[in-house]
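Here the structure is laid out as structure tokens; the discussion comes afterwards.
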Amino acid sequence: MVVFAVPAEVAVILLDIEGTTTPITYVKDTLFPYIRDNVQEYLRAHWEEEECQQDVSLLRKQAEEDSNLDGVVPIPLETGNGEDEVEQVIQAVVDNVHWQMSLDRKTTALKQLQGHMWRAAYATGHMKGEFFQDVVPAIRKWREAGMKVYIYSSGSVEAQKLLFGYSTEGDILELFDGHFDTKIGHKVESESYRRIASSIGCSTNNVLFLTDVTREANAAEEADMHVAVVVRPGNAGLTDDEKSYYSLITSFNELFLPSST
Ligand SMILES: CSCCC(=O)C(=O)COP(=O)(O)O
Ligand SMILES: [Mg+2]
């Protein structure tokens, strides 16, 4: 087994979700289809609620920022012109969400709506969060060794809490010291990692970030975090240069903590 020796200065392990703790197939075959199939019905059922209107406003603002992108679907303002107009706006939101998802965009607006939609699906037992089998035992071991463990995902903090709160392993939220999403900044920007360390109250070099995406690893490393790239079944392939540059792990069991015997 290949071993990644965690540097002694590391006190915090920061984890990505999709492709790191959780199979990409779970996200692509369970989480995302639920959104595609249910977004229209969800919007019709919740349209009058403040939370839903806030989600729509954020998506509208994002569509304005995206106006130069190919295929973007603008979301018109509702002027109070009756049910037909509401249906047209809902259809625009549905088309915008489908368009963003076809590109696997990680905008805060899309992720916020998705988090709100998954709430009902988890609470009714329709979905349960899934993890690679090494994940939960390893996190328990790290915590016993005194490590703090945080999540940083493009999925909204609410969506993260649902995934870990309603999972095949039960409610395992207690295993995490905190959660970050794109509200702190995008995962491919190094400033986001500086903000995370500052919010935790440590230096960036006290943090080890585990992710499947090399652009994220690169941004974290630029901020002076330690990184290892996680290679899991179903993840995107790495180039030869990436394979030789990054420390790679295929299981959390390959992390060797300084206190391990
Ligand atoms: C609860 S996370 C849902 C998955 C998701 O929406 C996503 O975009 C995953 O991105 P990650 O940053 O975890 O790779
Ligand atoms: Mg990922």
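Whatever order the structure lists them in is the order used to number ligands and atoms, beginning at 1.
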Specify whether an N/O/S atom of E18 falls short of 2.8 Å from the Mg ion (ligand 2).
-> yes

Does ligand 1 come near enough to [X] that some N or O of the ligand is less than 3.5 Å from an N or O of the residue?
X: E216; value: no
X: S154; value: yes
X: Y152; value: no
X: E18; value: yes

If you count the atoms of ligand 1 from 1 in the order shown, which ones are under 4.0 Å from a heavy atom of [X]?
X: A159; answer: 1 (C)
X: K106; answer: 7 (C), 8 (O), 9 (C), 10 (O)
X: F32; answer: 6 (O)
X: Q160; answer: 1 (C)

Rounded distance (nearest 0.5 Å) linking atom OG of S154 with atom CD of Q114 |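 If I round to the nearest 0.5 Å, the distance is 10.0 Å.
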
Can you tell me how far the CZ atom of F131 sits from the CZ atom of F252, to the nearest 0.5 Å?
->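 Going from the CZ atom of F131 to the CZ atom of F252 covers 10.5 Å.
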
Can you name the N, O or S atom of D16 that is closest to the Mg ion (ligand 2)?
-> OD2

Atom name in D212, limited to N/O/S, at shortest distance from the Mg ion (ligand 2) | OD1

Quick look: F164 vs ligand 1, heavy-atom contacts under 4.0 Å, and the answer is neither

Looking at R232, K106, K187, which hits salt bridge (charged side-chain N to carboxylate O under 4.0 Å, His left out) with E18?
-> K106

For [atom], what is the closest protein heavy atom, and at what distance to 0.1 Å?
atom: atom 13 (O) of ligand 1; value: S153 OG, 2.7 Å
atom: atom 4 (C) of ligand 1; value: V27 CG1, 4.0 Å
atom: atom 3 (C) of ligand 1; value: L31 CD1, 3.8 Å
atom: atom 12 (O) of ligand 1; value: K187 NZ, 2.6 Å
atom: atom 6 (O) of ligand 1; value: K111 NZ, 2.8 Å

More than 12 non-hydrogen atoms from neighbouring residues, nucleotides or ligands closer than 6.0 Å to CD on E9, yes or no?
-> yes

Flag yes if more than 12 heavy atoms outside R36 fall under 6.0 Å of its CZ atom; otherwise flag no.
-> yes

Taking E51 for the side chain and H116 for the main chain, is one N or O donor matched with an acceptor at less than 3.5 Å?
->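 Side chain of E51 to backbone of H116, a donor-acceptor pair under 3.5 Å: no, none is there.
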
Can I get a per-line list of side-chain donor-acceptor pairs under 3.5 Å for residues 67-81, giving both atom names and the distance, sequence neighbours left out?
from	atom 1	to	atom 2	distance (Å)
S67	OG	E64	O	3.0
E78	OE1	W47	NE1	3.1
T79	OG1	E85	OE2	2.7

Same apolar cluster: I17 and L15, side chain cutoff 4.5 Å =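 As far as the 4.5 Å side-chain criterion goes, L15 and I17 are connected within one cluster.
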
Of L31, N38, T30, D37, the residue whose pairing with Y34 passes side-chain contact (heavy atoms from CB on, under 4.5 Å) = N38

Heavy-atom nearest option to atom 11 (P) of ligand 1, drawn from I17, D16, T20 = D16

Does a side chain donor of either E49 or H46 reach within less than 3.5 Å of an acceptor in the other side chain?
->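 E49 vs H46: donor-acceptor pair found between side chains.
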
Minimal non-hydrogen separation, A223 against T204, with atom names |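 The answer is O-OG1, 2.7 Å.
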
